[in-house]
Amino acid sequence: MLNTETPSGRHPDLDGYAATDLVRAFTEDQVHAAQVVHAAAAQIARAVEAAAPRIAAGGRLIYAGAGTSGRLGLLDSVELWPTFSWPKDRVVALLAGGRQALFEAVEGAEDNRVQGAADVRAVAPTTNDVLIGIAASGGTPFVLGALEAGRAAGALTIGVANNPDSPVAAAAEIGITLDTGSETISGSTRLKAGTAQKIFLNTLSSAIMVRLHKVYGNLMVDVMPTNAKLYRRAIALTVRATGASDAEAKAVLEQCSYKVKTAIVALRLKTDVAAAQAALDAVAGDTRRAIAKE
């Protein structure tokens, strides 16, 4: 039996726990999930180093999964636009069962290996693309089909599973195992297996974005303001990076459509936004290099 499916020996009387003990049983497992991902840091770093050059060359991030794993992949993909201004046409999320599976289980969708391959071929993967196949069990046919099609097209394939020696890890160029073990509620991989996947995906995509100069220092300087909170955040980031006043930061941000990196370079170099943008373009958007002449 798979580790993720094996009944936990730690909480056989879970249904009789007092509320505090019940909650602690769950939160303790969530802490364990984070530790498992942390232990896989070297593997994840290898994936980042392999993926970043391809993405920098114009590739896309393509996520493929079923059920909870597929929804987590979709969540990570959606958040790249507001967080890093990542182009929407350069991220794809493939979920077994399609859009309907976002809201309810689609019978048998995860077992369709042929459909997984067909869904990947439909988005025409290239050698610059990075396909991330996610499966708690490590044997989901839809994900295996997706990885096979991605690899056949020359895309970099990364397979993530929560059980050791999994077919998903073996099918990918880079296989990553997050061995979270048995669940507090036996077999419910939406719990710590899902948590580990979420941490992994956040880590992988965020690290790639740092490599692509979407971050200056530890500041989220490629944020895309889409609401009042994010407009305030853009001003605060600009102030922190430049020492300008709120009013000064806002004035320059308004001149460059709230592009934080452009505003930072303009304020630091004491130049106009057009020159600041040109300075950024000359160094592939690297804020640190753009202000090096300061």
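Note that this is a predicted model, so its numbers are computed, not measured.
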* Of all the heavy-atom pairs spanning Ala47 and Ile158, show the shortest one and how long it is. => CB-CD1, 3.9 Å
* **Asp165, CG: over 12 other non-hydrogen atoms inside 6.0 angstrom** => no
* Asked: What closest approach, in Å, do Ala290 and Val265 show between heavy atoms, and which atom pair accounts for it?
  -> CB-CG2, 4.0 Å
* Same cluster or not: are Leu230 and Met224 linked, directly or through other Ile, Leu, Val, Met, Phe, Trp or Tyr residues, by side-chain heavy atoms under 4.5 angstrom apart? -> no
* To do: Say whether Phe84 and Leu237 are linked into one hydrophobic cluster, either directly or through other cluster members, by side-chain heavy-atom distances under 4.5 angstrom.
  => no
* Trp86, Leu74: one ILVMFWY side-chain cluster at the under-4.5 Å cut-off? -> no
* Asked: Going by heavy atoms in the side chains, are Asp29 and Leu191 under 4.5 Å from each other?
  -> no
* Partners meeting ring-ring contact (aromatic ring centres under 6.0 Å, His included) with Tyr258 (sequence neighbours left out) -> Tyr231
* Can you list every salt bridge (charged side-chain N to carboxylate O under 4.0 Å, His left out) pair that touches residues 229-244, not counting sequence neighbours? -> none
* Asked: Is a side-chain donor or acceptor of Arg90 paired with a backbone partner of Leu61 at a separation under 3.5 angstrom?
  -> no
* Check whether any side-chain N or O of Asn112 sits under 3.5 Å from a backbone N or O of Phe142 as a donor-acceptor pair, and report yes or no. => no
* To do: Answer yes or no: is there a donor N or O on one side and an acceptor on the other, between the side chain of Lys250 and the main chain of Ser245, under 3.5 Å?
  => no
* Asked: Which value, rounded to the nearest 0.5 Å, describes the distance between Met220 atom CE and Ser206 atom OG?
  -> 10.0 Å
* Under a single-linkage definition using a 4.5 Å side-chain heavy-atom cutoff for Ile, Leu, Val, Met, Phe, Trp and Tyr, are Ile199 and Val36 assigned to the same hydrophobic cluster? -> yes
* To the nearest 0.5 angstrom, please state how far the CG atom of Asn162 sits from the CG atom of Asp179. => 8.0 Å
* To do: Decide side chain to side chain contact (heavy atoms under 4.5 Å, CB included) for Val143 and Ile134; before the verdict, give the C-alpha distance in whole Å, the side-chain angles of both, and the deciding distance to 0.1 Å.
  => CA-CA 7 Å; Val143 177; Ile134 319 152; 6.0 Å; no
* Could you tell me the separation between the OG1 atom of Thr180 and the CD atom of Gln30, rounded to the nearest 0.5 Å? => 10.0 Å
* Structure fact -> Correct closest heavy-atom pair for Pro225 and Ala234 would be CG-CB, 4.1 Å
* Asked: Given Leu144 and Val168, is the side chain to side chain contact (heavy atoms under 4.5 Å, CB included) satisfied, shown in steps?
  -> CA-CA 6 Å; Leu144 288 169; Val168 161; 3.9 Å; yes
* Structure fact -> Residues at least two apart in sequence or cross-chain that pass ring-ring contact (aromatic ring centres under 6.0 Å, His included) with Tyr17, listed by chain then number, are His11
* Pair listing, salt bridge (charged side-chain N to carboxylate O under 4.0 Å, His left out) test, anchored in residues 119-134, at least two apart -> Arg60-Asp129
Name the atoms and distances for all side-chain donor-acceptor pairs under 3.5 Å in residues 280-287, with sequence neighbours left out.
from	atom 1	to	atom 2	distance (Å)
Asp281	OD1	Gln277	NE2	3.0
Asp286	OD1	Arg288	N	3.1
Asp286	OD1	Arg289	N	3.3

* To do: Search all heavy atoms of Ser77 against all heavy atoms of Tyr63 and return the closest pair with its distance.
  => CB-CE1, 3.7 Å
* Asked: To the nearest 0.5 Å, what is the distance between CG (Leu156) and CD1 (Ile174)?
  -> 5.0 Å
* Asked: Yes or no on side chain to side chain contact (heavy atoms under 4.5 Å, CB included) for Val260 and Tyr216, after CA distance, side-chain angles and deciding distance?
  -> CA-CA 10 Å; Val260 175; Tyr216 170 54; over 6 Å; no
* Between OG1 of Thr189 and CD of Glu183, what distance do you get to the nearest 0.5 Å? -> 6.5 Å
* To do: Using the rule that two of Ile, Leu, Val, Met, Phe, Trp, Tyr join whenever any of their side-chain heavy atoms come within less than 4.5 Å, decide whether Val130 and Leu147 are in one cluster.
  => no
* Could you tell me whether the side chain of Arg211 and the main chain of Pro53 form a donor-acceptor pair under 3.5 Å? => no
* **Over all atoms of both residues, closest heavy-atom pair of Ala196 and Val37** => O-CG2, 3.4 Å
* Contact check, side chains of Ile132 and Leu201, non-hydrogen atoms, under 4.5 Å -> yes
* To do: Indicate yes or no for a side-chain donor-acceptor contact from Ser85 to the backbone of Asp222 under 3.5 Å, with no hydrogens or angles considered.
  => yes
* Considering non-hydrogen atoms only, spot the tightest contact between Val48 and Ala207 and give its length. => CG2-CB, 3.7 Å
* Asked: Should Ile62 and Leu94 count as side-chain neighbours, where that means a heavy-atom distance under 4.5 Å?
  -> yes
* First locate atom CG of Asp76, then atom CG of Leu80, and finally report the distance between them rounded to the nearest 0.5 Å. => 5.5 Å
* Under the side chain to side chain contact (heavy atoms under 4.5 Å, CB included) rule, collect the residues that match up with Thr242, sequence neighbours excluded. => Thr238, Ala244, Ile264, Leu267, Arg268
* Test applied, side-chain hydrogen bond (donor to acceptor under 3.5 Å, both in side chains); reference residue, Ser69; option that passes from Glu110, Lys198, Arg190, Gln197 -> Gln197
* So, the side chain of Asn163 versus the backbone of Ser166: is there a donor-acceptor pair under 3.5 Å, distance only? -> no
* **Any side-chain heavy-atom pair of Met1 and Pro7 under 4.5 Å** => yes
